[in-house]
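Reckoned from all heavy atoms, side chains included, excluding hydrogens, waters and symmetry mates.
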Amino acid sequence: MEKFDKITGIAAPMPLVNIDTDMIIPKVFLKTIKRSGLGVNLFDEMRFDRQGNEIEDFVLNKPQYRETEILVAGDNFGCGSSREHAPWAIKDFGIKCVISTSFADIFFNNCFKNGILPIVLPKDQVDVLMQDAEKGANARVTVDLEAQTVTTSDGESFSFEVDTFKKHCLMNGLDDIGLTMEKAASIDTYEEQAAQSRPWV
Amino acid sequence: MSPKTIYDKIWDAHVAHEADDGTCLLYIDRHLVHEVTSPQAFEGLRMTGRSVRAPDKTIAVPDHNVPTTLDRANAATMTEDSRIQVEALDKNAKDFGIHYYPVSDVRQGIVHIVGPEQGWTLPGMTVVCGDSHTATHGAFGALAHGIGTSEVEHVLATQTLIQKKSKNMKVEITGKLKPGVTAKDITLAVIGQTGTAGGTGYVIEYCGEAIRDLSMEGRMTVCNMAIEGGARAGLIAPDETTYEYVKGRPHAPKGAQWEAALAWWKTLFTDEGAHFDKVITLRGEDIQPVVTWGTSPEDVLPITATVPSPEDFEGGKVEAARRSIEYMGLKPGQKLTDIEIDTVFIGSCTNGRIEDLRAAAEILKGKKIKEGMRAMIVPGSGLVRAQAEEEGLADIFKEAGFEWRLAGCSMCLAMNPDQLAEEERCASTSNRNFEGRQGYKGRTHLVSPGMAAAAAITGKLTDVREMM
Ligand code: SF4
């Protein structure tokens with residue numbers, strides 16, 4: 001997995017609440033057996049009309065947001081299905097960080113597995129970032145995972161919380177499975193005990 | 001010992017490793033797999049030379065993509081990409097030696113219906129699946145999470161999930177339900193109250209007299225939509241209703257093992273005085289047959305209400321409501337019972353079980369659907385279908401004018417050819433009314449099976465109580 005350390009980039013505003021995974025990546029694109037190449041279909045039904053033409057006023061289609069790396073979004077981002085295609089599409093588009101007041105649980109977890117940092121901040125701070133993002137390409141937001149801060153283009157800085165283990169994995173690009181396999185002995189022991197206490201499983 | 005919730009008890013029984021910061025490896029008893037969220041996980045195993053750690057605890061069934069028309073044995077009924085996904089699952093199940101119910105097997109169906117039906121899901125277990133509606137299995141007093149594909153790969157390789165404990169939330173439904181009110185109305189009413197993010201960070205325990213009175217089918221409907229309320233899982237303590245459902249299922253324990261299991265299951269309840277971080281109480285008597293008007297499951301109103309106006313809301317929800325009303329082609333102030341319907345879909349892991357079909361048949365008996373109405377019933381599994389035929393329900397559906405389909409997810413997410421056309425309006429027993437969920441620009445109203453059947457007859461959203 002790609003490491004996440006510090007980024008300075010364009011932030012795009014998406015104030016809509018409850019942006020669900022069907023919006024992020026409609027199901028017609030789930031029929032793939034690969035993880036890659038989904039970026040072109042990110043937000044497909046909001047981004048393109050039926051003929052495949054770009055819808056001009058959709059934020060990521062505006063010239064100043066084409067290189068977006070950070071998304072500032074409304075409450076409860078990523079609700080709905082467990083499809084990891086949603087973070088795959090976001091990552092493939094080039095977005096590395098999503099900021100909101102809240103995220104749906106499965107989506108939040110899926111982000112970390114794909115080198116994307118989801119940041120939860122209080123409403124008033126998200127509002128400040130949303131306004132900053134409205135300014136377009138000249139306003140660059142900085143996200144520093146090590147220091148756990150987000151800094152607006154005006155230099156206003158907010159700190160955020162992140163789970164220590166998840167931070168460690170993200171900063172070092174570590175593969176969860178490899179880490180868990182190092183604990184195989186604990187799993188073996190658990191299995192032996194469970195075979196005694198709950199043999200019907 | 002301090003009092004524990006049922007969630008605490010199941011959690012404690014499954015921690016295989018705990019790090020200093022509280023990050024745990026939670027052991028997984030059952031891993032359910034379907035064709036859409038698993039191919040990349042199996043590919044990951046192959047690329048790293050890893051194997052499936054516990055193939056005997058891993059169960060696969062294709063459901064999301066498969067056609068539900070009677071001619072589906074004919075390969076031409078599937079699109080190329082769907083076929084590739086199903087074939088990949090066939091191959092992965094075979095290569096890694098996991099339990100498998102292929103499309104040709106009568107036991108095939110929606111993964112969350114097949115698991116309980118075959119006795120794979122048992123009280124006190126941890127159950128995961130690369131699908132958010134895994135919460136369904138919580139009806140058995142199991143801890144059931146939906147997971148992403150990376151986690152599917154993690155569970156395949158290690159039989160564990162990296163987790164931190166969630167908070168406890170209690171949702172109590174007191175008293176009795178009124179006639180015409182179902183488990184679907186309970187679960188929608190709860191989401192209407194909490195919002196779709198109200199459960200974020202929590203595991204919900206549903207309790208109270210109205211929940212106890214539900215059958216296993218009804219309990220599965222309630223837990224199924226815990227995820228729509230944002231919760232990590234929803235569960236209900238097991239009781240006699242649970243044991244009766246489980247007993248004798250193909251993979252349920254037998255003989256002395258049954259007795260041992262039962263003894264443990266009976267300890268799975270929330271102790272007196274256990275701590276909940278959040279409590280919500282609804283009176284069963286107050287719940288009415290409900291319907292969704294917008295594009296979020298929290299957009300719930302009693303069928304007797306009218307379409308709201310964006311100004312009725314606050315904050316970001318104003319814009320979301322405006323967008324929903326426009327997308328749904330509605331007018332503020334319009335009576336919900338004046339909304340005309342083009343299509344009725346009865347099925348899905350929310351309402352595709354035998355009891356749901358019985359409820360629909362009850363309303364449809366001796367009646368015909370409105371002329372021009374497209375109506376389909378898609379049983380949740382081949383066995384549900386067989387039972388409905390045996391009970392004569394299938395004849396009622398066919399005589400009423402419904403299409404009687406084979407098992408699968410079908411128009412719940414419209415990945416197969418069952419889709420809404422643009423602006424086509426559907427009364428659906430599924431769980432999501434998101435934009436485009438049932439087809440590009442399609443319009444979905446979530447309802448109970450009885451309400452869906454009633455709408456098929458009148459051609460409008462209808463109060464089921466008037467047809468009982
Ligand atoms: S029936 Fe619908 S919600 Fe249930 S598993 Fe299938 S697609 Fe998901």
**Asked** Which pairs, with at least one residue in residues 134-173 of chain A and sequence neighbours excluded, count as a ring pair (Phe, Tyr, Trp, His ring centres under 6.0 Å)?
**Response**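 As it turns out, there is no ring pair (Phe, Tyr, Trp, His ring centres under 6.0 Å) pair with a partner in residues 134-173 of chain A once direct neighbours are skipped.
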Part of [X] lying under 4.5 Å from any heavy atom of chain A:
{"X": "B/E35", "value": "neither"}
{"X": "B/S82", "value": "both"}
{"X": "B/T200", "value": "side chain"}
{"X": "B/T79", "value": "side chain"}
{"X": "B/S296", "value": "side chain"}
{"X": "B/T196", "value": "both"}
{"X": "B/I147", "value": "backbone"}
{"X": "B/K441", "value": "neither"}
{"X": "B/H14", "value": "both"}
{"X": "B/A414", "value": "both"}
{"X": "B/A41", "value": "backbone"}
{"X": "B/K57", "value": "side chain"}
{"X": "B/R432", "value": "side chain"}
{"X": "B/V152", "value": "neither"}

What part of [X] lies closer than 4.5 angstrom to a heavy atom of chain B: side chain, backbone, both or neither?
{"X": "A/F108", "answer": "neither"}
{"X": "A/T32", "answer": "both"}
{"X": "A/Q193", "answer": "neither"}
{"X": "A/N110", "answer": "side chain"}
{"X": "A/I106", "answer": "side chain"}

Looking at [options], which one has more heavy-atom pairs under 4.5 Å with chain A than the rest?
{"options": "B/H145, B/R53, B/E228", "result": "B/R53"}
{"options": "B/G316, B/P253, B/S150, B/A197", "result": "B/S150"}
{"options": "B/E298, B/H251, B/K254, B/R30", "result": "B/R30"}
{"options": "B/K317, B/E435, B/R437", "result": "B/R437"}
{"options": "B/A260, B/A320, B/A88, B/S38", "result": "B/A260"}
{"options": "B/Q159, B/E319, B/R323", "result": "B/R323"}

Do you know which two heavy atoms are closest between [X] and [Y], and how far apart they sit?
{"X": "A/M181", "Y": "B/A157", "value": "CE-O, 3.7 Å"}
{"X": "A/K113", "Y": "B/E151", "value": "CE-CG, 3.6 Å"}
{"X": "B/T149", "Y": "A/E84", "value": "N-OE1, 2.6 Å"}
{"X": "A/S81", "Y": "B/S132", "value": "CA-OG, 3.6 Å"}

Quick one: [atom1] on [X] to [atom2] on [Y], what's the gap to the nearest 0.5 Å?
{"X": "B/L161", "Y": "A/N109", "atom1": "CG", "atom2": "CG", "answer": "8.0 Å"}
{"X": "A/H85", "Y": "B/Q40", "atom1": "NE2", "atom2": "CD", "answer": "4.5 Å"}
{"X": "A/I187", "Y": "B/T158", "atom1": "CD1", "atom2": "OG1", "answer": "5.0 Å"}

Mark yes when over 12 heavy atoms from residues, nucleotides or ligands other than [X] sit less than 6.0 Å from its [atom1]; otherwise mark no.
{"X": "B/E422", "atom1": "CD", "value": "yes"}
{"X": "B/D20", "atom1": "CG", "value": "no"}
{"X": "B/K91", "atom1": "NZ", "value": "no"}
{"X": "B/Q257", "atom1": "CD", "value": "yes"}

Main chain of [Y], side chain of [X]: is a donor-acceptor contact present, judged purely on distance under 3.5 Å?
{"X": "B/Q85", "Y": "A/L30", "answer": "yes"}
{"X": "B/E43", "Y": "A/I33", "answer": "no"}
{"X": "A/K27", "Y": "B/G436", "answer": "yes"}

Greatest number of heavy atom pairs closer than 4.5 Å to chain B - which of [options]:
{"options": "A/R50, A/E45, A/K34", "value": "A/R50"}
{"options": "A/G80, A/C79, A/S102", "value": "A/G80"}
{"options": "A/V28, A/D163, A/D75", "value": "A/D163"}

Contact residues of [range] (partner chain B; heavy-atom separation under 4.5 angstrom):
{"range": "residues 13-23 of chain A", "answer": "A/L16, A/V17, A/N18, A/D20, A/D22, A/M23"}
{"range": "residues 35-43 of chain A", "answer": "A/R35"}
{"range": "residues 114-144 of chain A", "answer": "A/N114"}

**Asked** Under a 4.5 Å cut-off applied to non-hydrogen side-chain atoms, are B/L122 and A/R198 in contact?
**Response**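 With C-beta onward as the side chain, the pair stays apart.
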**Request:** Could you tell me how the ring of B/W264 sits relative to the ring of A/W200: parallel (under 30°), tilted (30 to 60°) or perpendicular (over 60°)?
**Result:**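 Rings of B/W264 and A/W200: tilted, 30 to 60°.
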